[in-house]
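Worth saying up front: this structure is predicted, and the values here are computed from it rather than measured. We name chains A, B, ... by the order of the sequence lines, and we start the count at 1 in each one.
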There are 2 protein chains.
Amino acid sequence: MLKGHLDAIVLAVLESGPAHGYAIIEAIRSRSGGTFDLPEGTIYPALHRLEQAALLSSTWTTPPNGRRRRVYALTRNGSARLAEGRKAWSRFAKAVDSSLGGGRAWPA
Amino acid sequence: MLKGHLDAIVLAVLESGPAHGYAIIEAIRSRSGGTFDLPEGTIYPALHRLEQAALLSSTWTTPPNGRRRRVYALTRNGSARLAEGRKAWSRFAKAVDSSLGGGRAWPA
DNA sequence: CTTCCATACCTAGTAACACTAGGTATGGAA
DNA sequence: TTCCATACCTAGTGTTACTAGGTATGGAAG
């Protein structure tokens, strides 16, 4: 369970450049140190949702020796949303830390 | 949205001693620095769920000059689950940090 | 050449979660 | 006695991520 932060994570992956679904799954697995190993049924609907929301744009590409791929790229709205998402995550994480921490959260 | 970590947060509050629903809401608001201001419709079903799962036990109390309250306390299972929840949160938070961070997460 | 695997995409249905929007009841203050 | 804060509750809803299927193709293995 990604608990509502999937969108920001996907946007963060695409910040490094356009990518297609499969590659995004691998990037997330790699970035998360193996913690997030997402099934396709998670990523594809999410990509569609993000494109619907105009945070991503997609183009079909068929590389010379390859299968057809749908490549997604961040839109300007997507960048903005990613920035918001990072702030939201930061706030959220601090709040959970101090709620769970029994008092002593990570020392400043 | 508490994104699946509500249970651990509630358990953490009760680690400091038994409390009733309203008090738990206030404790969470206070611990989270105001970030988590939960409506009752969130907390009560959660408490019932946690008791159902034997992570909490409850007793009705009616203090001399007061309204009836349902006071919840951590069970042994609840303590164990809280420990798991803290570990799960730690893992999750690190994974999101490194997924969002573009590489540089909070420095060790 | 056929068979199989990895790649690559997709969707319908489901379970869980937190929330909205209501409701009941009581102690104490105005 | 009227009203507010306390204190509890639940049915229904929207969102999310997942399960469990499905289609199709390029390349390797036989």
query = Do B:S16 and B:R31 have side-chain N/O donor and acceptor atoms under 3.5 Å apart?
reply = yes
ask   = If you measure only the distance, is there a donor-acceptor pair under 3.5 Å linking the side chains of B:T75 and B:R81?
value = no
Heavy atoms from C-beta onward define the side chain here; which of [options] lies closest to that of [X]?
| X | options | answer |
| --- | --- | --- |
| B:L38 | C:dA8, C:dC19, C:dA18 | C:dC19 |
| A:R70 | D:dT19, C:dC9, D:dA7 | C:dC9 |
| B:R67 | C:dG27, C:dT11, C:dT20 | C:dG27 |
| A:H20 | D:dA7, D:dC18, C:dA8 | C:dA8 |

Provide, to the nearest angstrom, the distance between the [atom1] atom belonging to [X] and the [atom2] atom belonging to [N].
| X | N | atom1 | atom2 | answer |
| --- | --- | --- | --- | --- |
| B:Y22 | C:dG27 | OH | P | 16 Å |
| A:D37 | D:dA17 | CG | P | 16 Å |
| B:F36 | C:dC19 | CZ | P | 10 Å |
| B:I24 | D:dC9 | CD1 | P | 11 Å |
| B:D7 | C:dA16 | CG | P | 13 Å |
| A:E40 | C:dG13 | CD | C1' | 17 Å |
| B:H5 | C:dC17 | NE2 | C1' | 12 Å |
| B:I43 | D:dT6 | CD1 | P | 16 Å |

task = Output yes when at least one side-chain N/O atom of B:Y44 is less than 4.0 Å from OP1 or OP2 of D:dC9, else no.
result = no
ask   = So, is B:R68 close to the C:dG27 phosphate, meaning a side-chain N or O under 4.0 Å from OP1 or OP2?
value = no
inquiry  = Classify B:R69 by what it touches in the nucleic acid, base, sugar-phosphate, or nothing, heavy-atom distance under 4.0 Å.
reply    = sugar-phosphate
request  = Could you tell me whether B:G41 contacts a base, only the sugar-phosphate backbone, or nothing, with contacts defined as non-hydrogen atoms closer than 4.0 Å?
outcome  = base
State the pairing partner of [N]; accept Watson-Crick or G-U wobble contacts with both distances under 3.5 Å, and report none otherwise.
| N | answer |
| --- | --- |
| C:dT7 | D:dA24 |
| C:dC1 | D:dG30 |
| C:dT20 | D:dA11 |

request  = May I ask you to list the residues of residues 47-63 of chain B, by number, that have any heavy atom positioned under 4.0 Å from an atom of DNA chain C?
outcome  = B:R49
ask   = Does B:I28 offer a backbone N or O that forms a donor-acceptor pair with the side chain of B:S32 under 3.5 Å?
value = yes
ask   = Just by modelled atom types, is the B:A95 backbone N or O under 3.5 Å from a matching donor or acceptor in the B:S99 side chain?
value = yes
inquiry  = Taking the six-membered ring for Trp, are B:F92 and A:F36 closer than 6.0 Å centroid to centroid?
reply    = yes
task = Indicate if A:V13 and A:V71 have the same hydrophobic cluster label, given that clusters are the connected sets of ILVMFWY residues with side-chain heavy-atom separations under 4.5 angstrom.
result = no
ask   = How far does CG of A:L38 sit from CD1 of A:I9, to the nearest 0.5 angstrom?
value = 8.0 Å
query = Is B:E15 salt-bridged to B:R86, cutoff N-O under 4.0 Å?
reply = yes
